[in-house]
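Step one of this worksheet: look at the structure below.
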Amino acid sequence: MQKYFDINEQGCSIRCKLYCDDPDAVKRAVVCCHGFASSKESTSYETFAQRAVAKWKGTAVIVFDWPCHGEDARKNLVLDECATYLRLVTEYAKSRFETDELYAYGVSFGGYLLLKYLAENGNPFRKVALRCPALEMHRALVDVIMTAEDAAKLEAGKPVLIGFDRKVRISPEFMDELVSFDLLSREYFDYADDILIIHGTADEIVSFDVAKQFAEDNVIEFVAVDGADHRFHDPKKMDAAIARIIDFFRS
């Protein structure tokens with residue numbers, strides 16, 4: 001079953017998509033956090049959700065749009081609002097399905113936001129799986145995603161539109177927020193046993209070496225996928241990553 005719904009709380013209207021067999025028989029929920037300029041409609045999350053629901057009886061998967069992404073109506077991307085969205089979706093899953101068995105799956109920017117949330121708010125999830133987390137989100141935007149013209153506009157104090165599936169409005173203030181939160185300097189030892197990082201060796205956007213070193217520094221399980229790019233375009237490599245994540249959750 002697939003169902004669209006909104007969470008309207010605290011001045012937010014969070015656009016969500018639910019996957020499950022029977023909403024009245026859910027034992028656990030997985031919250032999916034998509035990447036920058038993606039959305040809840042990405043086929044990679046649909047594939048993950050369908051596999052999780054089919055292979056793990058009693059599982060519900062919720063994918064939602066970050067602020068300024070997908071069908072979200074906000075105009076300015078703000079990190080604190082991203083944290084609010086994640087908190088509200090997590091609280092909804094816990095209340096709606098009356099379960100403390102919560103899991104999280106984050107990709108790229110979604111992985112960055114999950115790690116930031118854990119560092120600032122603690123870990124509400126039993127397990128957290130990250131695929132190609134954008135540990136250096138500021139560098140990824142400046143060095144890879146935006147153009148020299150975009151960078152010049154930001155330097156002049158003007159917002160720019162950048163992204164993939166949907167262009168996202170980025171302000172100088174948002175870039176300053178990314179600089180002020182140095183994720184790599186944070187320690188995750190308290191949650192290390194409950195985190196899995198999967199990363200492609202051919203990632204063209206997020207540094208494989210940085211992710212591997214981060215995992216080693218924090219004693220986090222790290223799975224390298226030989227030849228996989230940032231989006232895991234190879235279906236076989238994506239299938240293998242999804243299977244590994246579901247096994248990690250079930251363990």
Side-chain angles (χ1 to χ4, degrees), residues 1-53 56 58-131 133-134 163 165-169 174 177 245 249:
M1 183 194 84
Q2 299 179 25
K3 178 184 178 182
Y4 291 95
F5 68 96
D6 295 346
I7 299 174
N8 297 303
E9 297 283 347
Q10 300 180 21
C12 302
S13 183
I14 308 172
R15 311 300 175 87
C16 305
K17 190 175 184 179
L18 169 68
Y19 297 83
C20 67
D21 281 336
D22 181 356
D24 295 321
V26 170
K27 299 177 181 178
R28 70 195 65 83
V30 181
V31 175
C32 285
C33 302
H34 67 72
F36 182 79
S38 183
S39 78
K40 65 182 182 302
E41 301 298 347
S42 171
T43 56
S44 65
Y45 307 108
E46 180 171 353
T47 301
F48 168 81
Q50 291 175 343
R51 300 275 175 82
V53 170
W56 202 7
T59 298
V61 176
I62 298 176
V63 193
F64 66 98
D65 288 331
W66 289 118
C68 305
H69 290 70
E71 295 180 310
D72 189 79
R74 292 184 182 266
K75 302 300 182 184
N76 297 305
L77 187 57
V78 179
L79 287 181
D80 283 349
E81 290 183 352
C82 292
T84 298
Y85 275 38
L86 178 55
R87 175 177 59 81
L88 290 175
V89 172
T90 302
E91 290 175 353
Y92 171 88
K94 181 177 182 179
S95 174
R96 169 64 180 84
F97 301 116
E98 299 180 345
T99 181
D100 289 324
E101 197 174 339
L102 303 174
Y103 302 81
Y105 170 38
V107 177
S108 193
F109 181 50
Y112 169 88
L113 291 172
L114 269 170
L115 287 170
K116 184 176 186 295
Y117 189 89
L118 265 58
E120 297 177 337
N121 302 280
N123 184 13
F125 305 105
R126 291 195 178 186
K127 301 272 187 176
V128 175
L130 309 172
R131 178 164 61 81
D165 299 339
R166 167 181 166 177
K167 298 296 183 181
V168 178
R169 188 174 186 269
F174 175 77
E177 284 186 306
I245 290 167
F249 286 163

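In this chain, residues are counted from 1 in sequence order.
- D65 and K40 are joined by a salt bridge, as a carboxylate oxygen and a charged side-chain nitrogen come within less than 4.0 angstrom of each other.
- Expressed to the nearest 0.5 Å, how far CG of L113 lies from OG of S108 amounts to 9.5 Å.
- Heavy atoms only, all atoms of each residue included: I245 and A129 are closest at CG2-CB, 3.6 Å.
- Contact annotation: the side chain of Y117 never approaches that of C82 to less than 4.5 Å [non-hydrogen atoms, C-beta and beyond].
- The closest side-chain heavy-atom distance from I62 to F5 is below 4.5 Å.
- Residues E46 and Y19 form a side-chain contact, since some pair of their non-hydrogen atoms from C-beta on lies under 4.5 Å apart.
- Of the possible polar contacts, one joining the D72 side chain to the R74 backbone as a donor-acceptor pair under 3.5 Å is found.
- The two residues E177 and D80 have their closest heavy-atom pair at OE2-N, 4.3 Å.
- Here CG of N121 is found 8.5 Å from CZ of R87. Values are rounded to the nearest 0.5 Å.
- Contact of the V107 side chain with the S44 side chain is not registered, since no non-hydrogen atoms from C-beta on lie closer than 4.5 Å.
- For the pair Y92/I14, no side-chain contact is recorded, criterion being any heavy-atom separation below 4.5 Å from C-beta on.
- Atom CG of L79 sits about 5.0 Å away from atom OH of Y112, to the nearest 0.5 Å.
- For the atom pair CG (L18) and CZ (R96), the distance works out to 7.5 Å, reported to the nearest 0.5 Å.
- F109 and H34 have their aromatic ring centers separated by at least 6.0 angstrom.
- Using modelled atom types, one finds a donor on one side chain and an acceptor on the other under 3.5 Å when comparing Y103 with E101.
- Two residues are said to be in side-chain contact when any heavy atoms from C-beta on lie closer than 4.5 Å; T59 and D21 fail this criterion.
- With contacts defined as side-chain heavy-atom distances shorter than 4.5 Å, the pair F64/C32 does not qualify.
- Using a 30° and 60° split on the angle between ring planes, F48 and Y105 fall in the tilted class, from 30° to 60°.
- A donor-acceptor pair under 3.5 Å is absent between the side-chain atoms of K94 and the main chain of T90, judged by distance alone.
- For the side chain to side chain contact (heavy atoms under 4.5 Å, CB included) with C33, the lone residue among W66, Y45, Y85 that qualifies is W66.
- P67 is not listed as a side-chain neighbour of V78, based on a closest heavy-atom distance of 4.5 Å or more.
- When every heavy atom of F36 is checked against every heavy atom of G163, the shortest pair comes out as CE2-CA, 4.0 Å.
- For the pair L130 and G111, the tightest heavy-atom approach, listed with the atom from each and the gap, is CD2-CA, 3.8 Å.
- Interatomic distance, CZ of F249 versus CZ of R28, reported as 11.5 Å (0.5 Å rounding).
- Atom CG of L102 sits about 10.5 Å away from atom CD of E91, to the nearest 0.5 Å.
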